[in-house]
Amino acid sequence: MQEVMKKRASELLADGTVVRVLGWKNGEFAYDPTPAVFQTVESLEAFVYNDFCASNLSKYLIKFLRQEGKTLVFLKPCDSYSFNQLLTEHRVIRENVYIIGVPCDGKVAEDKLREKGAEGILGIETEGDQIKVKTLYGDLDLNKKECLGERCLSCKSHQVVVFDEMLGENGEENPDCGRFDMVEKLEAMTPEQRFEFWRGELSKCIRCNACRNICPACSCEKCVFDNPASGISQKAAADSFEENMFHIIRAFHVAGRCTDCGECSRVCPQHILLHLLNRKFIKEMNECYGEYQAGAEAGSRAPLVNFTMDDCEPSIIYTKEAGK
Amino acid sequence: MRRIGVFVCHCGTNIAGTVDVKTVAETLGKEPAVVYATDYPYMCSEAGQNIIKDAIKEYKLEGVVVCSCSPRMHEATFRKAVSAAGLNPYLLEVANIREQCSWIHKDMEAGTAKAIVLGRAAIAKVQLNAPLIAGESPVVKRALVIGGGIAGIQTALDIADAGYPVDIVEKEPTIGGKMTQIDKTFPTLDCSSCILTPKMVECAQNENITIYSYSEVEAVTGFVGNFSVKIRRKARFVDENKCTGCGVCTEKCPVKNVPDEYNLGLSNRHAAYIPFAQAIPNVAVLDKNRCIKLTKGKCGLCSTVCSAGAIDYEQKETIVEEKYGAIVAATGYNPIKIDGYDEFAYSQSKDVVTSLEFERILKADGPTDGHLQRLSDGKQPKTIVFVQCVGSRESGSSHGCGKEYCSKICCMYTAKHAMLCREKYPDTDVYVFYIDVRTPGKNYDEFYRRAVEQYGVHYIKGMVGKVAPQADGSLMVQASDLISNEQLHVKADMVVLAAAIEPDKSARPLATMLTASMDTNDFFTEAHAKLRPVESPTAGVFLSGVCQGPKDIPETVAQAGAAASKVIGLLAKDKLSCNPCVAHSNEMMCNGCSSCANVCPYGAITYADKDFSRRQDGSMIRRVASVNEAVCQGCGACTVACPSGAMDLKGFSTSQIMAEVDAICK
Amino acid sequence: MKKIALTKLDELFAAIAASKSLYLPVDTEKGAKYTAWTEGAKLSEATNTVRSAKDFFFPQVEDMASFKVEGKKIEVIDTRKEAEDFVVFGVRACDAKSFEILDSVYLVDPVDSYYASRREHGVVMTLACSRPTETCFCKAFGIDAAEPAGDISCWKTEDSLLLKANTEKGQALLDSLSMLEDAEDTAADAVKAATREIVEKLPLSNLSTDAFGGDKLSALFDSDKWESLSESCLACGTCTFVCPTCQCYDIRDYDTGHGVKRFRCWDSCMYSDFTLCAHGNTRTTQMQRFRQRFMHKLVYYPANNNGVFGCVGCGRCMRSCPISMNIVKVMKTLEG
Amino acid sequence: MQVNNEFRPKIVAFCCNWCSYAGADLAGTNRANYPADVKIIRVPCSCRVNPMFILRAFQRGADGVILCGCHPGDCHYTTGNYYARRRMTMLFSMLSYLGIEKGRTRVEWVSAAEGAKFAATMNEFVETITALGENKRLEDLRCKK
Amino acid sequence: MADLKEQVLTASGVNPLKCMRCGKCSGTCPSYDAMEYHPHQFVYMVEKGDIETLMKSESIYKCLSCFACIERCPRDVEPAKLVEAVRLAVIRQQGQNHLKPQQVPEMLDEELPQQAIVSAFRKYSK
C-alpha cells in the first residue's frame, strides 16, 4: 500500500494537480512516523504508511485551508469522518483538497507492544496478522489483533466516507462494533462507583492538552481554557473540580461534533479513557434524538444545534437511571 | 473597580416588613466597590429618584444598584433616572428584594440575609456592565405585501390608508384570490364578489398601492426597516398600460380548450384570456404554453384585432428591485389534492366534487351559470351528500395527503352550501355527514342551527365510508350513523367533499427567503402564539391570512388589519432603535463554524471571509460571524452554541452571569 | 558499599518508611508511576516511569500565598507548609542528572525557597539501569546509566541490592538502616559492565551533540529546517510535562469568592500564552515556540551553564508525543 | 452552609425573563412561600444558560441548580427553550455518568401565570436538595470558607 | 377487567384513545349489518374495558378481516386489529376454541378450498 500511495502522490505532484502532499514521514524507529508535508517528488522518499500511522491528518488541513494550491491528503476511515465534520463547520474547503482514501484494518499501539514485553525495540516486521518484533533482549512474535489500539478494537466504520479516489477496497460500516459496551458497563454501576471510577481516571490528568490539541473537533481559534476572559481558563488542574471541569466542558463542546475517532484516548500520556466521555454523549444523543453519526455526511445538523418539538425532557435522565 | 452606589427601597412596609433594609444598606456599603449606600421608603418616587441622581453626581458613581421591586416593574424608571444624572442607563442593575424576597419570606433574618446576597449579585454584575447605546437603523417607508387575496388586499389598503406606499405582489394575473371564486359568504350570505370587488378596485385606484400582478418574489435580503426585494414580473405578452381590457382578443383567440383555472378546470378558456370579468388589473394575458403564436410562431390573430396595439409577443420577464421597511406574507391556501381518497370516487365520477368546485357550480359566473347541476348530465341533483373532514384531522393516515389539523372553515361553508341548496331548490334532499360540527364564532352556531331547523338539512353524525358510482349514474353513499348506530346507504345524485386546506406551495420557498420560521405543516409561525399572532419571529415580517393558519374571511380581514397596524407602527418610525442587549461576535475567536447561525431563530448572523494577516505570521483569512444588531432579539441561543466562546450577549454576558453565580454561591 | 538480599527489600523499604515517606516506581496498568510505599508495594522493573521524578521537588501545582478579602480589607496569608522528610527510591541516572539541572536554575540566586526546601528534605536513592531501552540516549549527554548520582546510588545484582552513599544525607540514611550488610566496593562492577555493554548497542548510542552548544546559536536559530520540523506539532504540552528538566512555570491567581489563592503551575513553551506579556507575545507562531523548546535545551542552557545540555536523554518525550516528534529527530535533522 | 448544625442548601435558579422570572414575581405577588435558600438569576431566555454556568455554581458551592423557562412552544424567542432542553438533557446525562447524585440539577417549565407552580417547584426542589445534603462531588475545595 | 383490556391492547398494538369517533370504520364495514357490535363500538368498548361482552358476542366472528376499516381510518386506529385481538383473547381461554377438529368433517364439502379450513383454524382455534 505504501508504494501505491507514494506513486499516486508523485503523479499528482508531478502533474500539478496538487502542490503538497499530507502524509506520514518515517521516524527514528519502526513505530514512530510523524505527520508531514511533502512538496516535492524527491521528498516523498521519506513517505511511509504502515501499521503505526495512526495520526488523524484531517485537522492539519485547517492550516492549509487558505494556502494556495490543492493539498493531497490520505484519509483513513476515521479521518474521513473528521474531514466531513470539518467541512460541515466550514473549517476546510472541499475544492482545495484532493482526498485519497486508504483502507484501514486497525493501527498497532506502541503501548500494547510494550505491555507484551517489547522493550529495546530494534525493528518491527509485519506479515499478515503476525508482528515480528526484534529487541535488544530477544525477539517476539505477536499477533497483530492483540496489539491494536484500544479504539481500533471497537471501530465503528471501515468505510472512507469522502474521497476523490480510493486506493484498495473501501470497507463498510461496522454497526456491531460494541463501542458502547464500556459506557453501558459504567451506566450499570451505582453513582458512587461511577464517581470513584471517574475520579480515578480524571485525577491522572496532567493538563498537557494533548487530547484537546489532537482533537479535530477542538479546532477553535482560541480555546476557552486558554482565554482568561472566558472565566474558565485554566492552565493546571489545581483542584479536583478543575480536573472534572476541563473534561466535561471539552466533551460538551465536541458533543454532536465528535466523530469518535478516538485520538484523544490514543494520545493521552496518562492513558485516561477520555473517549468514554464522548461516547456517552453519542450514545445518549442517539437514544434521545435518533441515530446520528457526526461526519457521516457533510452538512448534517448536529443534535445540539437542532431540536424537535416533542424532544424528551431532561428528567428522562433520572427516570432512565431509576429504571436500571 | 467601579464606584458603585447602592439604594435600598423600603417600599413602605412591603420590603421593610420582612427585610431589615438598614442592615442591607449597611452591609452592602461595606462591599469593596461600594462608595455609597442608603435606604429610602420609596425609591421609585420622585424624591427617591433624586437621591439616586444626586448621589451619582456627588460620589461620581460608575454603577448603580437599586434593591427594590422586580426589574419588570421599575427597571425602566430607574434607567431613566440614572440616565438623567448623566450615567449610561445600562450601568444600572435592580436586585429584586420584593417579589423574590420580602413577599415570600416571613422570617426577617432569612429575608435580610437573602436580600444582601441578591444585592451582592447585582453589585457583582454591575461591575461588568458595559455602557450600552441602542443602535439605530433607518426605516424605508414602503411596505411589501406578498399575495393579493383578501388578506393581502386588506393589509395593503389599510397601510395605504395610513399614507404609506405599499406594493402587492400576486403570482396570478389578477388579484382577488380565493374569495373571487366563492359564491356567498357565511354567516350573512352576502355575495362574495359584491363585497370583494370594490376592495379590488380600490387597490387599483389607490395612489399608494402598486400592484405587481403575474409576479413573484425572487430574492429578499436585508432586515427590518431595510429589506431589499427582487420581484420577477412574468411576461404576459400584453402591455399592461395599453390594454383596455376590452376582451376582443380573448374572444377571437382560436385556442379554446384550455382548462379554466378560475373554474378549477370545470370549463375551458382561450389561450388569450382575462381570468374573470372583474379582474384587477383588467388586462389580458397570453398563455405562453398554449398560444399558437408563442409556441409555433404562427397565428397572431389577437395582435390583429387589438385596437390598442397592446399585444407584444416579444415581451420578456423583468426583475424589479425595490426597498421596503416591512414585508407582509399573505400567501393564502389551496384545497389539498384528494385523488388519494379512492373511497369517495372523486376521480371516478364527475358528480363527486370538492366544496370549492361546488362554489363554482353555485356561482353565477361558474361553469353552470349558477344553476345547481350535475356535471355529468346537467340534471339537477335531487339528493346531495356533503362529506366533512376529507383530509382534515388525520394522523399518520395511509392516504399520505391528510392533515392533522382541523381546516376550520369547512363546517361553516358546508352549512352554507346545504342551506343554499335547500333555499334555491327546496325539493333537494341534503345530507351532511360530520364528525363534529364546529361553529365557534359570532352568529355561527345560529347559522348552523338554521340550516338544520329552518332548512331541514339532515345532519348525521358519522363518516362516509364509501361512495360507489352506480350504473344508473347515481352514487351509493355508505356511511355510519353513530347516533342511531346503523349503517346508512344513501342513493345520492351528487357528493360534495369538504377537502382540507393547506398553505400555498409558494409559502415555503418564501419563508426561506424571509428567514421566517414555519411549522411542519408549512404554516408560518407567529412570534408568539398568543401575544404576537401577526408577527413572524423575524423582525419586520408580518403575517396575514391563512398562510399563518386556517381561518375564514372575517378572521382573515381582522388579521389583515392587525398586520397592517403593526406595519404602520413600524413605518411611522424614522429610525428603529434596536435593543442594545444583542449578541456580539469576537472575530479574533470566531471559528466560522456556523453553530450560532444554526440556532439563530432570526437569521441575524452572517459570515464573511476576513483578512487577519499579520506581518510577522503571514497571510491569514478566516470566515467569521457577524451579528446584525437590528435583527438580533437577544435570546442568547448562539452564545451557548458557540464552542469557542466568541459569541457573547451584551447586557447578559458570560462574565456578568458568572459574577452573579459567584456572588450568590459565596 | 552496603548490600541487602533482594528477598529482604521489603524489610529495607519498611525501615525507611518508618521514619520518612518513601516513594518508589510501582507498575500500574499503563506503565510505572512513583507511588508512596505501602506494605506489599512492589518495585517496578520498568526502565523508567511515565512521568519524571521532578514532581518531588517541583510539583505541577503549588500554592504560594492566599489573600483574604473582608469588606474593604485585604490580608495576605503565607500558605507555605513545612516540607516533610521524604525518600525517593529507584531514580534512574537520567533523572538524577535532571535534578542537577533544576538545581542550577532554582538554587542559584535568587534561590527558589519552595524548591530549596523540598530538596533539603528529600533523599534521592538512585538505581542503576539494567535494561536500557531503544529510546534511551543519556550517553549522548555524558550520563552513565550504570553509575547514577543521587544521595545514595544503588545497583541490582542477581540476588542483592548494593547501596553506596554519595552525600552526607545519604550516608546518614544508610547508617540508620541496621539490616544492611557490608559489601565490597567492586561488587557492582559486573552489573555496571553489563549495562554499559548494552548502552553501546542502543540504536541511539551514537547520537552526537557536536552540532549543538552555546556557541551554535546563530547557525541553529535561523535554520530553515524548523519550519518543516514544527509543522506537525500540535502545540500540546505533553513533551514538557513528562520532561524531567523542563522547569518553566506560570503564577496564577484564583478568585475563590472570598479571597484569592495564588499558586504556581507548570507552564509549557508549546502553549500559545507562554511568556505572554501586556504588549502581546514574543513568539507568535508555533514554529517559534517549538524552536524555543529545543534551542533552550541544546543551545541556551549550555550557553549559560558551562556547556551542560538541558536534556538528559531519558526518552520520555519520544514515547509520549502524540505525533512522534522529538528531540532526537530534531537533533538529527538539524545536524544532517 | 452549616448553621447551628442545620444544613441549609445553596440553590441557584436561572429564570428566563419572559415566563419564569415573571412567574417568580407572581409567586411573590401571591405571597406563595418558598425557602430563602433559592436565589434567582435573570436571563433573557433559558437558551442563554450555558451548562458551564451550572458547573460554575457547583464549583462555587451551590448544592442544587434549577433552570426555569417558558413551556416548550411558548418561548418568547420561539425556539430557545428547545435548545435549552437538549443542552440540559445532555448535561444531566453527563453529570449522572460522572456519578453526581441525580436530582441536583433540574429543569422546570414555568409560565408567567404559574406563580403557585413556581413556589411549589422551589419548595420541592429545596426538599430534594436538603435530602441529598451538601454537594461534595462537584465542589472546589478552594472555594470553601 | 383491566388485564383483559391490557392483553387486547398489547396483542393488537392499538391505541383506542387515538379514535376521534368519526365512524368511518363503520361507514366502510361490509359486515356491518351482520355485527352486533360495529367497528366503532368495538373501539369504544375496548377503550372502556368492556372486553368480556365483546368476547361473548358473535360479532368477532362476523368480521371478515378485510381491513377496510384499517385502510380508511383517518387516525390510524386499526379497529380490525382489535377484533382480532379479542378473538385471540377468546381462543387463549382453555376450551374456548370456536372451531373444533370434530366439527370439520361435517363442514367439508367439495367446493370449500383447503386453505379456508386452515385459515379458519388459525383464526378460530388455539
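Letters A, B, ... mirror the listed sequences (proteins, then strands); counts begin at 1.
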Task: chain D neighbours within residues 303-314 of chain A, where any heavy atom lies under 4.5 Å away - done: A/P303, A/L304, A/V305, A/N306, A/F307, A/T308, A/M309, A/D310, A/D311, A/C312, A/E313, A/P314
- [ ] Would you please go through residues 227-235 of chain A and name the residues with a non-hydrogen atom below 4.5 Å from one of chain D, in numerical order?
- [x] A/S230, A/G231, A/I232
Open item on the list: Take a 6.0 Å sphere around CD of A/E297 and say whether it holds more than 12 heavy atoms from other residues, nucleotides or ligands.
Closed with: no
- [ ] Specify which of D/L67, D/L55, D/T79 makes the most heavy-atom pairs with chain A at under 4.5 Å.
- [x] D/L55
- [ ] Considering only heavy atoms and a distance below 4.5 Å, find which of D/M90, D/M94, D/M88 pairs most often with chain A.
- [x] D/M90
Open item on the list: Closer than 3.5 angstrom, by distance alone: can the side chain of A/D239 be matched with the main-chain N or O of D/L141 as a donor-acceptor pair?
Closed with: yes
Open item on the list: Closer than 3.5 angstrom, by distance alone: can the side chain of D/Y97 be matched with the main-chain N or O of A/V183 as a donor-acceptor pair?
Closed with: no
Non-hydrogen side-chain atoms of [X] and [Y] separated by less than 4.5 Å:
{"X": "A/E192", "Y": "D/E101", "value": "no"}
{"X": "A/K283", "Y": "D/S93", "value": "no"}
{"X": "D/R60", "Y": "A/F241", "value": "no"}

Open item on the list: Between D/L91 and chain A, with a heavy-atom cut-off of 4.5 Å, which part of the residue counts as in contact: side chain, backbone, both or neither?
Closed with: both
TODO: Let me know if D/E139 has heavy atoms under 4.5 Å from chain A in its side chain, its backbone, both or neither.
DONE: backbone
Task: Best-contacting candidate, A/F281, A/F195, A/W198, against chain D by heavy atom pairs under 4.5 angstrom - done: A/F195
Task: Heavy-atom contacts under 4.5 Å, residues 105-130 of chain D to chain A - done: D/T105, D/V107, D/W109
Task: chain A neighbours within residues 41-54 of chain D, where any heavy atom lies under 4.5 Å away - done: D/P51, D/M52
Task: Electrostatic pair D/R86-A/E284, nearest N-O below 4.0 angstrom - done: no
What heavy-atom pair brings [X] and [Y] nearest, and what distance separates the two atoms?
{"X": "D/R87", "Y": "A/F252", "answer": "O-CZ, 3.3 Å"}
{"X": "A/Y318", "Y": "D/R104", "answer": "OH-N, 4.1 Å"}
{"X": "D/R85", "Y": "A/Y289", "answer": "O-OH, 4.3 Å"}

Task: Proximity breakdown for A/E242 and chain D, heavy-atom pairs closer than 4.5 Å - done: side chain
Open item on the list: Less than 4.5 Å to any heavy atom of chain D: does that hold for the side chain of A/M285, its backbone, both, or neither?
Closed with: both
Task: Evaluation steps, side chain to side chain contact (heavy atoms under 4.5 Å, CB included), between A/F197 and D/L98 - done: CA-CA 8 Å; A/F197 172 83; D/L98 291 175; over 6 Å; no
- [ ] Supply the atom-to-atom distance A/S240 OG to D/R137 CZ, rounded to the nearest 0.5 angstrom.
- [x] 12.5 Å
Open item on the list: Quick check for you: to the nearest 0.5 Å, what is the distance between A/N244 atom CG and D/L95 atom CG?
Closed with: 9.5 Å
